[in-house]
Amino acid sequence: MISMRTSSVVGYVPQSSEPHHCGYCGKNGSRHAAELKRKHEEGNDTQQIDTKSHNDNVKKSIDGEKGKNQRDASVLHQNNVEAKATSRGPDPTKPKRRKAKDIRREKKLEKLSRESDMTTEQIKKHIEEAKEKEVKENIQKRVQILDELFKQMAPTLTPGHKLEVKLVLADRSLPQFQLTFKKSHEIYQKYQMAIHNDRPDECDEGQFKRFLVDTALMFERSPEFPSTGCGTFHQQYYLD
């Protein structure tokens, strides 16, 4: 037979302070109680130290996160300030940027003023005249190019309709105007009745003359004017 002796995990703590023998664990009761109390207090101290260390680590982590957030917010604020500063437009403390054509014009004025006896106003007028002449020449060149293009395309084109535009001087004494007067009035009357809901008596020949024929503009011819002259005209469209 083998006998085994085991130690119990249960400790007997007496209610009185009188030392006595513990029949269950075989130890002096008072000493055993003091030992249990000491171990318990040591365990509490260790737990408090661990808890404090954990709290310190959490606090450091939170403080570090707050510092990072503050730095990120500072950088974001600085970027916003810089973005606002750049979106306000050009810096008012710096000179305005000038166009290249204005710089060329100013240099040309300086060169002409050095090489000629003309005043600044005369030079400006000369430059404006040269500019207008250049614009007219460019327009004429474009018109010539289009005319040549149409002439080249004309033999190969087979239009389905023919549109003709005529300018007729609005003068009741001219035979050409009298020939087209009735037809022009009919078109005017149809338009007024269909679009403006006028009655026939509200768009008769008298109203047509008052509205689209009689005018204070006098017809005049001059070499500076187009070949048709200047005045009041009816533009007529003939299809086929």
Side-chain angles (χ1 to χ4, degrees), residues 98-109 111-113 116-240:
R98 301 173 59 192
K99 294 183 178 180
K101 64 178 183 180
D102 294 335
I103 297 175
R104 290 195 300 269
R105 185 179 299 175
E106 183 177 335
K107 290 182 178 179
K108 190 174 183 179
L109 282 172
K111 182 179 179 181
L112 289 174
S113 62
S116 63
D117 297 333
M118 293 188 298
T119 62
T120 304
E121 293 298 328
Q122 290 175 340
I123 294 173
K124 288 182 179 180
K125 184 178 180 181
H126 174 73
I127 292 175
E128 292 297 330
E129 291 176 352
K131 186 177 179 180
E132 291 179 1
K133 182 179 179 181
E134 183 181 359
V135 171
K136 290 180 180 179
E137 289 177 354
N138 290 335
I139 293 175
Q140 290 177 356
K141 288 180 181 179
R142 293 175 183 177
V143 171
Q144 290 176 359
I145 292 172
L146 290 174
D147 288 341
E148 292 177 0
L149 180 62
F150 289 147
K151 288 178 182 179
Q152 294 175 3
M153 295 174 62
T156 60
L157 295 177
T158 54
H161 300 279
K162 181 182 178 182
L163 177 65
E164 185 178 1
V165 182
K166 293 183 180 180
L167 283 177
V168 180
L169 183 63
D171 187 350
R172 285 187 282 175
S173 63
L174 295 177
Q176 185 181 6
F177 182 79
Q178 293 177 0
L179 288 174
T180 59
F181 178 80
K182 292 287 185 182
K183 191 67 175 177
S184 297
H185 170 253
E186 290 178 2
I187 295 174
Y188 161 78
Q189 191 175 50
K190 289 180 180 179
Y191 175 83
Q192 292 295 120
M193 293 174 65
I195 303 302
H196 299 290
N197 298 321
D198 287 354
R199 300 190 305 272
D201 60 322
E202 293 177 335
C203 49
D204 55 8
E205 290 185 0
Q207 293 293 331
F208 175 66
K209 293 176 183 178
R210 181 188 63 81
F211 189 52
L212 292 175
V213 178
D214 297 338
T215 176
L217 296 176
M218 302 299 295
F219 177 73
E220 186 178 356
R221 289 186 182 276
S222 174
E224 300 177 357
F225 297 159
S227 58
T228 56
C230 290
T232 303
F233 293 84
H234 285 186
Q235 188 163 299
Q236 300 176 351
Y237 300 87
Y238 294 88
L239 185 61
D240 296 335

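Start at 1 with the first residue, then count along the sequence. The analysis underlying the following values was restricted to heavy atoms, covering all of them including side chains, and did not include hydrogens, waters or symmetry mates.
Here the CG atom belonging to D171 is positioned 11.0 Å from the CD atom belonging to Q176, to the nearest 0.5 angstrom. The NZ atom of K136 sits 15.5 Å away from atom NZ of K141, with the distance rounded to the nearest 0.5 Å. One distance of note links CD1 of I187 with CD of Q189; it measures 11.5 Å at 0.5 Å rounding.
No more than 12 heavy atoms of other residues, nucleotides or ligands shown are found within 6.0 angstrom of NZ on K190. Annotation: E134, atom CD; neighbour count of heavy atoms from other residues, nucleotides and ligands within 6.0 Å does not exceed 12. The local environment of CZ in F150 is sparse, with at most 12 non-hydrogen atoms from other residues, nucleotides or ligands closer than 6.0 Å.
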- Going through the distances and angles, do D214 and R172 end up as a side chain to side chain contact (heavy atoms under 4.5 Å, CB included)? CA-CA 9 Å; D214 297 338; R172 285 187 282 175; 3.1 Å; yes

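The shortest heavy-atom contact between D198 and M193 is O-CG, 3.3 Å. Scanning all heavy atoms of the two residues, the minimum distance from T180 to V168 falls at OG1-CG1, 4.4 Å. In this structure, C203 and Q192 approach most closely via the heavy-atom pair CB-CB, 4.0 Å.
With hydrogens and angles disregarded, no donor-acceptor distance shorter than 3.5 Å links the side chain of Q235 to the backbone of K166.
Shown are E164, H161, K162; of these, the side-chain contact (heavy atoms from CB on, under 4.5 Å) with L239 is made only by H161. Partner of V143 under the side-chain contact (heavy atoms from CB on, under 4.5 Å) criterion, chosen from I145, L146, D147: D147.
The list of ring-ring contact (aromatic ring centres under 6.0 Å, His included) pairs with a residue in residues 175-198, not counting sequence neighbours, reads F177-F181, F177-H234, F181-F208, H185-F208, Y188-F208, Y191-H196.
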When the side chains of residues 217-232 are checked against the rest of the protein, which donor-acceptor pairs come out under 3.5 Å, sequence neighbours left out?
unit_1, atom_1, unit_2, atom_2, d
R221, NH1, S227, O, 2.9
S222, OG, E224, N, 3.4
T232, OG1, T215, OG1, 3.3

